[in-house]
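Order of the sequence lines sets the chain letters (A, B, ...), proteins ahead of strands, with each chain counted from 1.
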Amino acid sequence: MYRHLERRLAQRVLECLQRRYPDAALPNIVIEQPPKVELGDYAIPVFPFAKPLRSAPLKIAEAIRSEIGPIEGIAELKVTPPGYLNIRIDRAWLAATLARDQRAPAEAPSGKILVEHSSINPNKAAHIGHLRNAILGDTFVRLLRYAGREVDVQNYIDNTGVQVADVVVGFTHLEKKSRAEIEALSRQPRFDYHCWDIYARVSQWYEQDKANQKARLDTLHAIEQGANEPAAIADLISTAVLRRHLETMDRLDIEYDFLPRESEILHLHFWDAAFQKLKQTGVLSYETEGKNKGCWVMRRAGTGRAAVGSITTPQEPEASDNEPTAERVSEEDQKVIVRSNGTVGYVGKDIAYHMWKFGLLGRDFGYCKFYRYPNQHDCWISTTAGQKDHPHFGDVAEIYNVIDARQSEAQSTVIEALRGLGHDEAAGHYTHFSYEMVALTPRCAAELGYFLSDEDKSRSYIEVSGRRGFGVKADDLIDQLIASAQKEVDSRHPELADEERLQIAAQIAIGALRYFMLKYTKQSVIAFDFKEALSFEGETGPYAQYAVVRATSIFKKAGLEAENFAPSNSTEEFTQFLNHASGNEIWELWLAASKTAYVVDQCIATTEPAYLAKHVFQLAQLFNTFYHRHPILSEPDEKRKQFLLMTVAVARRELIRALAIMGITVPSVM
RNA sequence: GGGCCCGUAGCUCAAUUGGAUAGAGCAUCGGAUUUCUAAUCCGAGGGUUGCAGGUUCGAUCCCUGCCGGGCCUACCA
């Protein structure tokens, strides 16, 4: 509602200015929120208009105020020095629409969106870095769906890479295990943990003696060839680990629709199709000399073709047909896509894959069902042949790739390739949802028993490394969070059944974890620390959950249902209570409650879910203050009591709603 | 060397993308009607926003130059 009202206001101010200054070129109207509610609910700085309209800011503000006329939902406009137009919402009007849960009509554009996230190599257990990725991605999916968009969720599986080969080598060469033995192991509950250790051991083993790396190369080649023992073992391992990843993410309510695998991109020859087009359009050029002799290369993204192109002079000779790229790219700026031995690197495969995403490749995967979630939702996986009936994946209007900032150059290269192929629109709808990594604080690393050099100890954080087995496993962290929450629940609610206490502890743990991963802005490196991650107080998920539990318990005690509560107040009474001298602080709560849709829009536009976390916290904080100041059930004035109850019902509803978008549910009691 | 990101309270982070007196949590200290449950609330201290210039009505935010830190920069995936 807040968003809706803001748009209406902006429109009216624009019309008003256009009427008064028909010839002036108007700058954009910026609507902000004043630093204090006492000033108003919206603020328009008038300074930017002073120059184009050749008038003093205060004069312009006054002109708008006196000429704009009445606006539904707006109570008052006020001119404030040095040059602000402060606007007050009609409190009773907003409260009434909120009480009815009347939402602005959806105006979502059509077109399917593909969000890809997680993409964990299927050779070891997921760690906290993967958790940040999956939680950011899943929350973004929820944001889009809340805004009315249709979304497919994909998790890309690189099951043919060298990391998988390494684990195969570990099992076959270090542990001397047969395929049958590995298969038995893979059915154990935390097979991915076993792989985690083996992966770290193999990496050490390679370093001990370079000759050991021969096993790695042989295994990698065998896997690429297919139809042999190492390939079968690789498939066995990667599939089992993938299942584990899906289970881990399912603990956090994170689900996928489709798992495209690199093996199919290989076997279904996606690259061949892409390669043809890339050669035809001159995106790739063949190097005949220098260090990249014999390779097909691309210009590295951001190395200046655009700048050169924009000042191209007409007398420059046109490129002839057999030489599509006349422009020579310096070695520094070359990105090798196809090696001199004819094999394609991962960026090349990624280009082909993204052509498929936009329906530009002319080929498709085979599909079969792979995993069924407890709620009966099916997750599909790519295969060469596949089932006849399957949902239609790919061929989407927009994509978001949730991948950490280290991959931004590769992502830009794929976008540039799409552009070079002439798919500017697709390139424009390709968003690299970039975020910074999760690292460990030196203290945390020491707690986990890792050896630290003096240099490491002086750093503010240390990067995790799967190869070195250095990091915090996702399931371990979730287990710890649940155990820690369980201790609290046990002491607070000994009367509840074991099963119920565990259920509550799990909800709190997930709330704490998801909130923790979302409260930092994307570009901030999270220096992971158990103390902060395990905290249930202050700016945390449980803080917000607790606010909802309090709200619920008021209604429980009153014998009412929060969901269906309708107050008997008249509009005049709403006005009276909201405009009361002490009413500002209650109004702030209503105002915050009206902002959910506004914040969701903001999160989507900026691909920044942290705003939602901030909104949830602010709402919970305002509610807790309100809760503390106003005893409700003992309120003697029945009219006022009704009003206070409605305030609780609305705050509770919006908190539950916003938490749900973050993937957080609320326990019955805490 | 080149590209991207970061530097804000003791610590971890915000600041609606150029707006009003730079805000939260943690930590520290001091308090809260035996109440709709204290996983809560109230209060206090804590700041030359890395440094130096510039742009303008206005700069934590934009520009330039330094200082410090991180990531990327493989014919690995």
Side-chain angles (χ1 to χ4, degrees), chain A residues 30-36 39 43 45 47-48 50-51 57 80-84 86 121 158 160-165 220 262 287 291-297 300-303 332-333 335-341 343 345-347 349-350 404-410 412 434 436-437 439 441 459-461 463 485 488-489 492-493 508 512 519-521 523-527 529 531-532 535-540 542-543 545-547 549-558 598-599 602 606 610-611 614 617-618 620-621 624-625 627-635 644 648 669-670:
Chain A
V30 178
I31 299 191
E32 311 173 333
Q33 294 162 42
K36 290 218 155 60
L39 290 168
F47 312 103
K51 224 173 215 172
T80 312
Y84 291 96
N86 288 331
N121 285 334
D158 182 1
T160 60
V162 67
Q163 341 79 18
V164 176
L220 187 58
E262 181 150 282
E287 280 300 296
K291 71 167 181 156
N292 294 331
K293 185 178 175 183
C295 298
W296 287 88
V297 302
R300 208 176 278 288
T303 54
E332 274 284 290
D333 294 345
K335 174 81 192 161
V336 172
I337 304 298
V338 181
R339 303 176 195 114
S340 55
N341 66 5
T343 58
Y346 88 105
V347 176
K349 286 178 248 180
D350 222 21
D404 78 63
R406 285 169 290 194
Q407 294 279 354
S408 55
E409 190 179 86
S412 309
S434 169
E436 272 294 347
M437 62 184 172
T441 60
R459 292 167 183 262
S460 52
Y461 51 81
E463 196 174 349
E488 289 293 321
V489 178
R492 287 162 199 249
H493 298 283
I508 292 169
K519 77 174 175 181
Y520 300 94
T521 51
Q523 76 274 10
S524 160
V525 175
I526 297 182
D529 192 291
K531 189 169 144 272
E532 283 193 37
S535 167
F536 298 149
E537 287 164 22
E539 195 191 342
T540 66
Y543 175 91
Q545 290 172 315
Y546 187 64
V549 167
R550 283 176 141 179
T552 306
S553 103
I554 293 172
F555 278 91
K556 241 186 241 167
K557 277 257 161 92
Y598 172 86
V599 173
Q602 194 184 17
T606 55
Y611 294 134
K614 287 277 175 290
F617 181 61
Q618 197 204 351
Q621 214 174 19
N624 275 331
T625 307
Y627 175 93
H628 182 257
R629 281 194 202 157
H630 305 280
I632 293 164
L633 297 180
S634 58
E635 170 61 46
L644 293 175
V648 176
V669 294
M670 277 176 81

A:Q523 meets the side-chain hydrogen bond (donor to acceptor under 3.5 Å, both in side chains) criterion, sequence neighbours left out, with none

Nucleotide by nucleotide, nucleotides 20-30 of chain B touches protein heavy atoms under 4.0 Å in the pattern (B base, S sugar-phosphate only, - none) B---SSS----

What is the per-nucleotide protein-contact pattern of nucleotides 72-77 of chain B, from the 5' end, where B denotes a base atom under 4.0 Å from a protein heavy atom, S denotes such proximity for sugar-phosphate atoms only, and - denotes neither?
-> SSSBSB

What residues form a side-chain contact (heavy atoms from CB on, under 4.5 Å) with A:S553, not counting sequence neighbours?
-> none

What pairs of nitrogen or oxygen atoms, one from the protein and one from nucleotides 56-60 of chain B, lie under 3.5 Å apart?
none

Sequence neighbours left out, what passes side-chain hydrogen bond (donor to acceptor under 3.5 Å, both in side chains) with A:T160? Give chain and number order.
-> A:E262

Contacts of A:R339 meeting side-chain hydrogen bond (donor to acceptor under 3.5 Å, both in side chains) (sequence neighbours excluded), chain-then-number -> A:T343

Can you tabulate the close N/O pairs, meaning under 3.5 Å, that link protein atoms to atoms of nucleotides 7-10 of chain B?
none

Can you list the residues that meet the side-chain hydrogen bond (donor to acceptor under 3.5 Å, both in side chains) rule with A:Y461, with sequence neighbours excluded?
-> none

Under the salt bridge (charged side-chain N to carboxylate O under 4.0 Å, His left out) test, which residues partner A:D404, sequence neighbours left out?
-> A:R406

Just the dot-bracket of RNA chain B, please: which string comes out with Watson-Crick or G-U pairs under 3.5 Å, [ ] for crossing, | for another strand?
-> (((((((..((((.....[...)))).(((((.......))))).....(((((..]....))))))))))))....

Contacts of A:E539 meeting salt bridge (charged side-chain N to carboxylate O under 4.0 Å, His left out) (sequence neighbours excluded), chain-then-number -> A:K614

